[in-house]
Student: 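Before I ask anything, let me first share the structure, which is written out below as structure tokens.
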Amino acid sequence: MPLSRAVRPPVARWAAGLAAGVSLALPVAGADTPAAGAPVPMGGLLQVVFALLLVLGAIGLFAWLVRRFVPGHGAAGGVLKVVGGVMVGPRERLVVVEVGDTWLFVGVAASSVRLVHSMPRPERSAAAPSQATSLTRRWRHALSLRRGEG
């Protein structure tokens, strides 16, 4: 028993509309269709380019909205900084978080987050170079040896 148009569910109406659209888009035998090597009309190409630009613009707008309005994304304003972390079990981590001039050692598990220890941020001595500086210096030295400047 066919459903009347008024009581037809929205999904059925959508499917019927899709079937009608597909049937209109299919070529009819004997109709004038362009040959395989025929040039594409410029209007069709412009429509495709415009649709592509519209989709790319929508993606860019969505990315901007996510960065702008997702909570926790830059909400701390640079006050919180994760210094480091180490896995201590299959689902447990110890994370060092810097808040102002304090380091917080936080235990993170699947169901809880707990403060393990807190201490003032250690001052870095100027005499001891950082690991990145040391690595940069070694890289430059290796390149100079390779060039024969050694």
Side-chain angles (χ1 to χ4, degrees), residues 3 5-27 34 36-150:
L3 295 173
R5 189 176 185 106
V7 295
R8 189 179 295 170
V11 174
R13 282 189 296 216
W14 179 81
L18 180 65
V22 168
S23 66
L24 290 175
L26 293 175
V40 177
M42 192 57 139
L45 184 62
L46 288 176
Q47 283 180 337
V48 170
V49 169
F50 179 72
L52 179 64
L53 291 176
L54 188 67
V55 168
L56 291 176
I59 290 171
L61 177 67
F62 181 73
W64 178 79
L65 288 172
V66 166
R67 278 187 279 138
R68 177 89 175 143
F69 295 111
V70 169
H73 205 314
V79 176
L80 291 175
K81 184 170 74 170
V82 176
V83 177
V86 63
M87 295 295 290
V88 293
R91 294 185 182 181
E92 297 85 19
R93 283 180 67 92
L94 182 64
V95 179
V96 181
V97 180
E98 183 177 317
V99 181
D101 290 335
T102 306
W103 276 11
L104 303 174
F105 293 83
V106 181
V108 180
S111 62
S112 68
V113 176
R114 292 185 176 216
L115 178 65
V116 177
H117 181 71
S118 66
M119 63 181 261
R121 180 183 63 180
E123 296 297 325
R124 298 182 187 189
S125 69
S130 70
Q131 184 177 2
T133 307
S134 176
L135 180 62
T136 305
R137 197 174 301 141
R138 282 191 239 159
W139 181 257
R140 287 184 184 155
H141 179 67
L143 286 177
S144 68
L145 288 176
R146 189 169 197 176
R147 287 187 218 139
E149 299 172 5

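Position 1 is the first residue of the sequence, and the numbers go up from there. Since we're looking at a predicted model, the values are computed, not measured.
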Student: Do any side-chain atoms of residues 110-119 form donor-acceptor pairs under 3.5 angstrom with protein atoms, and if so which ones, sequence neighbours left out?
Tutor:
none

Student: May I ask you to test the V48-L52 pair for a side-chain heavy-atom distance under 4.5 Å?
Tutor: no
Student: Output all residues satisfying side chain to side chain contact (heavy atoms under 4.5 Å, CB included) with L65, sequence neighbours left out; order by chain, then residue number.
Tutor: L61, F69
Student: Can you pull the ring-ring contact (aromatic ring centres under 6.0 Å, His included) pairs that have at least one residue in residues 41-68, sequence neighbours excluded?
Tutor: none
Student: Could you work out, with salt bridge (charged side-chain N to carboxylate O under 4.0 Å, His left out) as the rule, every residue matching R121, not counting sequence neighbours?
Tutor: E98, D101
Student: Just distance, no hydrogens or angles: give the donor-acceptor pairs under 3.5 Å from side chains in residues 85-94, sequence neighbours left out.
Tutor:
none

Student: With sequence neighbours excluded, tell me which residues meet side chain to side chain contact (heavy atoms under 4.5 Å, CB included) with V82.
Tutor: V95
